[in-house]
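For reference, the structure is listed below as structure tokens.
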Amino acid sequence: NIPAHLRDPNNRWFAFSKRARVIVVAKAAGDTERIKSYEDLTDPKWKGRICSRPGSHVYNRALVASLINASGENEAERWAKGVYENLARRPQGNDRAQVKAIYEGVCDIAIINNYYFGKLKKSDNAKHRKWADAVTLIFPNQSDRGTHVNISGGGIARHSKNKGEAIRFLEFLTSKAAQDLYGSINYEYPVNPRVSISAELRSWGTFQEDKMPIARIAELASKAQRIIDRVGW
């Protein structure tokens, strides 16, 4: 049920859902929808217009790791430095806070995990819905490697006393019933290729994902963190 790039090569852990690392832009900005890739964010014309959570957060560190995988360390550092230099404020807050900042006019561009947009869009809090309504989603790099994805996942403790039940639970989480729940409740994408994305997710547009092996993120994490530290993000 789980493609090879979304599980450990030695089958020690497995992905259950995917979260796309998307770019959100202010609907009112007028020019930001021309952004087509992560690399576009380093353009000096966006100086003072990007908001971000700290680079050392696992979501951003994983994105930098994906850039190392795609283009090498030097290009990844050039990218991180360019994004940092274009920030509108000190890196802070979570992904929701970046959408709020766009709504408040602090910045026009941010990078977030897609499911935060869904949580805001469908929130019981009217203010949250206004934040979501202020932005448009962009799935980056559709003409080359695809949009970077994070995962939720799990494995079985080596000394588990209930391995049979644990295996059945993991298998259930990759079944259509559970995969549909990930989409309808938390706005995450299915890992099982035989399961269709939810109607809500489909309404945001379909996208090509970056199929770099998720295990590479862990392998490159220390290099990514050193880049983040050097540029001050």
Q.
Counting neighbours of CG on Asn11 that are heavy atoms of other residues, nucleotides or ligands and sit closer than 6.0 Å, is the number greater than 12?
A. yes

Q. Just wondering, more than 12 heavy atoms not from Lys45 lying within 6.0 Å of its NZ?
A. yes

Q: Would you indicate whether the side-chain heavy atoms of Leu67 and Glu75 approach each other to under 4.5 Å?
A: no

Q: Applying ring pair (Phe, Tyr, Trp, His ring centres under 6.0 Å), name anything that partners Trp46, two or more places apart in sequence or on another chain.
A: none

**Q.** side-chain hydrogen bond (donor to acceptor under 3.5 Å, both in side chains) between Arg21 and Asn60, intermediate numbers included
**A.** CA-CA 9 Å; Arg21 195 81 179 139; Asn60 287 334; 2.8 Å; yes

Q. Does Pro54 reach the side chain of Gln92, with side-chain heavy atoms less than 4.5 Å apart?
A. no

(Q) Does any part of the side chain of Asp133, heavy atoms only, come nearer than 4.5 Å to the side chain of Arg129, both counted from C-beta? (A) no

Q. Is it the case that one hydrophobic cluster holds both Tyr115 and Ile185, taking links as side-chain heavy atoms less than 4.5 Å apart, direct or via other members?
A. no

Q: Taking all non-hydrogen atoms of both residues into account, name the closest pair between Leu6 and Lys18 and its distance.
A: CD1-CD, 3.8 Å

Q. Could you state the interatomic distance from CZ (Phe169) to CD (Glu165), rounded to the nearest 0.5 Å?
A. 12.5 Å

Q: Kindly say whether Glu200 contributes a backbone atom to a donor-acceptor pair with the side chain of Ser203 at under 3.5 angstrom?
A: yes

Q | The single option from Ile23, Ile109, Asp40 passing side chain to side chain contact (heavy atoms under 4.5 Å, CB included) against Ile138 | A | Ile23

Q. Thinking salt bridges, do Arg226 and Glu73 make one under a 4.0 Å N-O criterion?
A. no

Q | Gln225 side-chain N/O to Lys223 backbone N/O, donor-acceptor pair under 3.5 Å | A | no

Q: Verify, without hydrogens or angle tests, whether Ser66 (side chain) and Leu63 (backbone) share a donor-acceptor contact under 3.5 angstrom.
A: yes

**Q.** Main-chain N/O of Arg12 paired to Asn10 side chain as donor or acceptor, under 3.5 Å
**A.** no

Q: For a side chain to side chain contact (heavy atoms under 4.5 Å, CB included) with Ile50, tell me which candidate from Thr42, Leu87, Ile102 qualifies.
A: Leu87

**Q.** Contact summary for Glu39 and Asn141, nearest pair of heavy atoms
**A.** OE1-ND2, 3.0 Å

Q: Write out all pairs satisfying ring-ring contact (aromatic ring centres under 6.0 Å, His included) with one or both partners inside residues 181-223, taking only residues at least two apart or from two chains.
A: Phe117-Trp204, Phe139-Phe207, Tyr189-Phe207

Q) In the single-linkage hydrophobic clustering (I, L, V, M, F, W, Y; side-chain heavy atoms under 4.5 Å), do Trp131 and Val106 co-cluster? A) no

Q: Would you sort out whether Val99 and Lys121 count as a side chain to side chain contact (heavy atoms under 4.5 Å, CB included), showing the intermediate values?
A: CA-CA 11 Å; Val99 181; Lys121 186 171 185 273; over 6 Å; no

Q. When hydrophobic residues are tied together by side-chain contacts of less than 4.5 Å, even through go-betweens, does Phe14 share a cluster with Val195?
A. no

Q: Report yes or no: does Ser184 contribute a side-chain atom to a donor-acceptor pair with the main-chain N or O of Asp180 at less than 3.5 Å?
A: yes

Q: Just jot down the ring pair (Phe, Tyr, Trp, His ring centres under 6.0 Å) partners of His5, sequence neighbours excluded, or say none.
A: none

Q.
Can you tell me how far apart SG (Cys107) and CZ (Arg89) are? Round to the nearest 0.5 Å.
A. 6.0 Å

Q: Show your reasoning for whether side chain to side chain contact (heavy atoms under 4.5 Å, CB included) applies to Val25 and Asp108.
A: CA-CA 6 Å; Val25 298; Asp108 293 321; over 6 Å; no

Q) With a cut-off of 6.0 Å (strictly less than), are more than 12 heavy atoms of other residues, nucleotides or ligands near CD of Glu33? A) no

(Q) Less than 4.5 Å apart, side chain to side chain, heavy atoms only: is that true for Ile197 and Pro190? (A) yes

Q.
Quick one, Asn186 and Lys119 - any side-chain contact, counting heavy atoms below 4.5 Å?
A. yes

Q) Ignoring hydrogens and geometry, is there a side-chain-to-backbone donor-acceptor pair from Asn192 to Arg194 under 3.5 Å? A) yes

Q) Is there a side-chain contact between Arg49 and Thr32 (heavy atoms, below 4.5 Å)? A) yes

Q: Would you indicate whether the side-chain heavy atoms of Leu41 and Ile35 approach each other to under 4.5 Å?
A: yes

**Q.** Residues forming a salt bridge (Lys or Arg N to Asp or Glu O under 4.0 Å) with Arg230, sequence neighbours excluded
**A.** Glu77

Q: Return yes when atom NZ of Lys27 has more than 12 non-hydrogen atoms of other residues, nucleotides or ligands closer than 6.0 Å, and no otherwise.
A: yes

Q | Any donor-acceptor pair under 3.5 Å from Trp79 side chain to Tyr38 backbone | A | yes

Q. Can you check whether Asp210 reaches Thr147 side chain to side chain, under 4.5 Å on heavy atoms?
A. no

(Q) To check you understand the geometry: which heavy-atom pair defines the closest contact between Ser52 and Gln98, and what is its length? (A) N-OE1, 3.1 Å

Q) Donor-acceptor pair, Arg216 side chain versus Pro213 backbone, under 3.5 Å? A) no

(Q) Just to verify, which of Leu170, Val191, Thr174, Leu173 counts as forming a side chain to side chain contact (heavy atoms under 4.5 Å, CB included) with Asn1? (A) Thr174

Q: Determine, using the 4.5 Å side-chain heavy-atom cutoff (strictly less than), whether Val58 and Tyr116 are members of one ILVMFWY cluster.
A: yes

**Q.** Point-to-point distance, once rounded to the nearest 0.5 Å, from SG of Cys51 to CG of Asp95
**A.** 12.0 Å

(Q) I need the Ser17 OG to Asn150 CG distance, nearest 0.5 Å. (A) 10.0 Å

Q: Just jot down the ring pair (Phe, Tyr, Trp, His ring centres under 6.0 Å) partners of Tyr59, sequence neighbours excluded, or say none.
A: His57

(Q) Ignoring hydrogens, what is the shortest heavy-atom contact between Ser198 and Gly183? Give both atom names and the distance. (A) OG-O, 3.8 Å

Q: Following the transitive rule for hydrophobic clusters with a side-chain heavy-atom cut-off under 4.5 Å over Ile, Leu, Val, Met, Phe, Trp and Tyr, establish whether Leu120 and Val135 coincide in one cluster.
A: yes

Q.
Can you tell me how far apart CG (Asn114) and CD (Glu188) are? Round to the nearest 0.5 Å.
A. 7.5 Å

Q | Nearest heavy-atom neighbours spanning Ser56 and Arg61 | A | O-NH1, 2.7 Å

**Q.** Nearest-0.5 Å distance that lies between atom NZ in Lys36 and atom CZ in Arg34
**A.** 10.5 Å

Q | Under the side-chain contact (heavy atoms from CB on, under 4.5 Å) test, residues paired with Ala80 that sit two or more places apart | A | Ile227, Val231, Trp233

Q: Heavy atoms only: give me the nearest Lys163-Arg158 pair and the separation to one decimal.
A: NZ-O, 2.9 Å

